[in-house]
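Worksheet: one structure, shown below.
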Amino acid sequence: MKFAVTSKGDTKSNQLKEFIIDSLTNLKMIHNEAEPDLVISVGGDGTFLEAFHTYNHRLEETAFIGVHTGHLGFYADWVPEEVENLIAEITKNTFRVVEYPLLDIKIYPKNGPEIERFLALNECSVKTPEGSVVLDLNIKGEHFERFRGDGLCISTPSGSTAYNKALGGGIIHPSLESIQITEMASINNRVFRTIGSPLILPKHHVCELKPIYDDRSFLLTIDHITKNYTNVKAIECRVAEEKIRFARFRSFPFWKRVHDSFVSDKR
Ligand code: NAD
């Protein structure tokens with residue numbers, strides 16, 4: 001099996017990365033950063049998101065696993081003390097693959113045919129540095145509402161416990177192929193009206209965000225990455241055809257992960 005290891009870059013994560021590379025290489029696993037079958041991310045959820053974006057061009061061939069060197073991560077759920085165990089499990093090559101849905105984002109520019117496409121593991125958020133975001137929200141080709149406010153967040157089920165949760169969105173089990181739209185401080189009064197509740201869309205229900213004003217720029221976040229755009233004609237979001245594959249060497253069910261991250265790490 002070919003493996004790659006990514007690190008957050010701090011001393012502890014770098015040392016653990018070197019230990020994993022040395023141990024797996026001694027056990028005849030092939031260290032291959034370009035075309036790994038297994039990517040081991042060492043650090044936190046941010047490191048895991050970076051690893052996902054580094055290897056998201058070969059999702060069908062790659063499985064991911066996360067080790068955390070800080071607090072328990074949602075994706076980075078192995079602790080450094082378990083790493084020797086993990087290495088032994090990897091050499092047995094007996095992991096189960098669990099797939100989670102991703103978000104497909106397409107950005108259509110006003111001028112020119114160049115469409116940009118991204119995949120997000122957590123979410124895409126749309127904000128502006130200039131006043132309020134004003135856009136039409138279309139769902140499945142039908143106008144749903146005109147949104148005015150700080151912005152919108154469109155998240156995956158596994159991202160529902162991240163930014164989406166802080167915005168009052170619901171937590172969605174990743175077996176539900178869906179995306180969730182949550183509002184950031186929408187303006188609601190007698191003149192302006194939005195639904196006010198998070199919306200959960202199933203697969204194939206595309207949501208389209210169409211900016212109203214030509215002169216506004218947008219801050220688009222795709223997971224940990226922030227991009228600045230002007231001249232956006234539309235942003236289209238849907239459940240992606242691609243999925244992320246997690247290598248599971250032991251059971252850690254989603255609701256236990258939610259419990260341990262947000263309620264208590266003791267039962
Ligand atoms: P960061 O360093 O600000 O970390 C954000 C926190 O989010 C970390 O504690 C991380 O463990 C946690 N996190 C990431 N993905 C998660 C998930 N799927 N479920 C539960 N917790 C999760 O930023 P970063 O490390 O670059 O991560 C980027 C992510 O931060 C974005 O994808 C977004 O979801 C999140 N974020 C959250 C808020 C908020 O909660 N108010 C605001 C902005 C961004």
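In this chain, numbering begins with 1 at the start of the sequence shown. In listed order, ligands and their atoms are each counted from 1.
- Of all atoms in ligand 1, numbered sequentially from 1 with element shown, those under 4.0 Å from a heavy atom of His71 are 9 (O), 11 (O).
- Partner of Phe144 under the side chain to side chain contact (heavy atoms under 4.5 Å, CB included) criterion, chosen from Ile195, Asn138, Ile181: Ile195.
- Annotation: Phe246 is in aromatic contact with Phe48 [ring centroid separation under 6.0 Å].
- A donor-acceptor pair shorter than 3.5 Å cannot be found between the side chains of Tyr75 and Ser41.
- Classification of Arg96 and Glu89 as a salt-bridged pair fails, no side-chain N sitting under 4.0 Å from a carboxylate O.
- Using a 4.0 Å cut-off between charged nitrogen and carboxylate oxygen, Glu236 and Arg238 count as a salt-bridge pair.
- The side chain of Phe74, and not its backbone, has at least one atom closer than 4.0 Å to an atom of ligand 1 (non-hydrogen atoms only; side chain from C-beta on).
- There is no protein heavy atom closer than 4.0 angstrom to atom 30 (O) of ligand 1.
- Selection from Leu121, Val258, Asp45, Asn122 by nearest heavy atom to atom 13 (N) of ligand 1 gives Asp45.
- Not a single protein heavy atom sits closer than 4.0 Å to atom 5 (C) of ligand 1.
- The residue among Ser158, Gly46, Pro174 with a heavy atom at the shortest distance from atom 18 (N) of ligand 1 is Ser158.
- Screening Val5, Leu16, Ile40 for a side chain to side chain contact (heavy atoms under 4.5 Å, CB included) involving Ile21 leaves a single residue, Val5.
- The Tyr75 neighbourhood of ligand 1 comprises atoms 18 (N), with distances under 4.0 Å to a heavy atom of that residue.
- At a heavy-atom cutoff of 4.0 Å, ligand 1 is contacted by the side chain of Ala166 but not by its backbone.
- Neither the backbone nor the side chain of Thr221 comes within 4.0 Å of ligand 1, counting heavy atoms alone.
- Every atom of ligand 1 is numbered from 1 in the order shown, and the set under 4.0 Å from a heavy atom of Asp223 is 31 (C), 32 (O).
- Distance check on atom 11 (O) of ligand 1: some protein heavy atom falls below the 4.0 Å cut-off.
- Set against the non-hydrogen atoms of Thr161, the atoms of ligand 1 under 4.0 Å away are 17 (C), 18 (N), 19 (N), 20 (C), 21 (N).
- Ranking the protein heavy atoms by distance from atom 26 (O) of ligand 1 puts His224 CB, 3.3 Å first.
- Asp223 contributes a side-chain N or O that, together with a main-chain N or O of Asn122, makes up a donor-acceptor pair within less than 3.5 Å.
- Defined by atom type and a distance below 3.5 Å, a donor-acceptor pair is present between the side-chain atoms of Asp136 and His143.
- Put simply, atom 34 (O) of ligand 1 has protein non-hydrogen atoms near it, under 4.0 Å away.
- At a distance under 4.0 Å, a protein heavy atom can be found next to atom 42 (C) of ligand 1.
- Ser13 and Asp10 are linked by a side-chain donor-acceptor pair at a separation below 3.5 angstrom, with hydrogens and angles left out of the test.
- A salt bridge links Glu177 to Lys243: one of the charged nitrogens lies within less than 4.0 Å of a carboxylate oxygen.
- Heavy-atom distances between Lys165 and ligand 1 stay at or above 4.0 Å for every pair.
- Note that atom 15 (N) of ligand 1 has protein non-hydrogen atoms nearby, at separations under 4.0 angstrom.
- Counting only heavy atoms from C-beta outward, the side chains of Leu103 and Val239 never approach each other to under 4.5 Å.
- Ligand 1 has a nitrogen or oxygen under 3.5 angstrom from a nitrogen or oxygen of Glu123.
- Closest to atom 38 (C) of ligand 1 among all protein heavy atoms lies Tyr163 CD1, 3.5 Å.
- For an aromatic pair to be called close, the ring centres must be under 6.0 Å apart, and Phe249 with Phe95 satisfies this.
- Interface atoms of ligand 1 facing Leu49, defined by a heavy-atom separation under 4.0 Å, are 27 (O), 28 (C), 32 (O).
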